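For reference, the structure is listed below as structure tokens.
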Amino acid sequence: QVHVVESGGGLVQAGGSLRLSCAASGRIFSISVMGWYRQAPGKQRELVADITSGGSTNYADSVKGRFTISRDNAKNTVYLQMNSLKSEDTAVYYCHTESIPTRWGRRIDDWGQGTQVTVSS
């Protein structure tokens, strides 16, 4: 079982910055992909950014140039640096991991509980 915990959310003014962190622990052999999703009230959950164990990144068009995702493989941790925040970035941000528990295990998807990011205009 994998435990995923986010931290770093909060209230910030438009134009400001926040850094989210997410740590995965438990029965993990390796984590192939770590990512951040967000869900605003009344909207579907959407991908914000993800990163592979090799460092390849993928961003939503709406955050390109403003957000940066990074990870520390040794610590099973992923970060999301969010700059130039806008009111439309307000949402609950969820961490997602794709991991395998053993060398030959089946891929498991896990989610954190979410952390609220509120950007005031």
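When reading the values below, keep in mind they use all heavy atoms of this one structure, side chains included, and skip hydrogens, waters and symmetry mates. Predicted model, so just to flag it, every value in this text is computed and none were measured.
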Which value, rounded to the nearest 0.5 Å, describes the distance between [X] atom [atom1] and [Y] atom [atom2]?
| X | Y | atom1 | atom2 | result |
| --- | --- | --- | --- | --- |
| Thr115 | Tyr93 | OG1 | OH | 10.5 Å |
| Ser17 | Arg66 | OG | CZ | 10.5 Å |
| Arg19 | Gln81 | CZ | CD | 6.5 Å |
| Lys75 | Asn73 | NZ | CG | 12.0 Å |
| Thr52 | Arg71 | OG1 | CZ | 7.0 Å |
| Asn76 | Ile28 | CG | CD1 | 4.5 Å |

pair [X]-[Y]: side-chain heavy atoms closer than 4.5 Å:
| X | Y | result |
| --- | --- | --- |
| Tyr94 | Arg45 | yes |
| Leu80 | Val78 | no |
| Met82 | Leu20 | yes |
| Ser21 | Tyr79 | yes |
| Asp50 | Glu98 | no |
| Val4 | Cys22 | yes |
| Asp110 | His3 | no |

To check you understand the geometry: which heavy-atom pair defines the closest contact between [X] and [Y], and what is its length?
| X | Y | answer |
| --- | --- | --- |
| Ile69 | Tyr59 | N-OH, 2.8 Å |
| Arg107 | Asp109 | NH2-OD2, 3.0 Å |
| Ser99 | Ile31 | CB-CG1, 3.9 Å |
| Ser121 | Ala14 | CA-CB, 4.2 Å |
| Val2 | Arg27 | CG2-O, 3.9 Å |

Self-check item: Donor-acceptor contact present, side-chain Thr77 to main-chain Ala23, <3.5 Å
Solution: no
Practice problem: Using atom types as modelled and distance alone, determine if a side-chain donor or acceptor of Glu6 lies under 3.5 Å from a backbone N or O of Gln113. | Solution: yes
Quiz item: Parallel, tilted or perpendicular: which fits the ring planes of His96 and Trp111, with parallel below 30° and perpendicular above 60°?
Solution: tilted
Exercise. Check whether Tyr37 and Leu18 end up in the same hydrophobic cluster, where Ile, Leu, Val, Met, Phe, Trp and Tyr are linked by side-chain heavy atoms less than 4.5 Å apart.
Key: no
Practice problem: Decide whether Val63 and Val12 are clustered together by the hydrophobic rule: side chain heavy atoms of Ile, Leu, Val, Met, Phe, Trp, Tyr closer than 4.5 Å, transitively. | Solution: yes
Quiz prompt | Charged N-O contact under 4.0 Å between Asp89 and Lys86 | solution = no
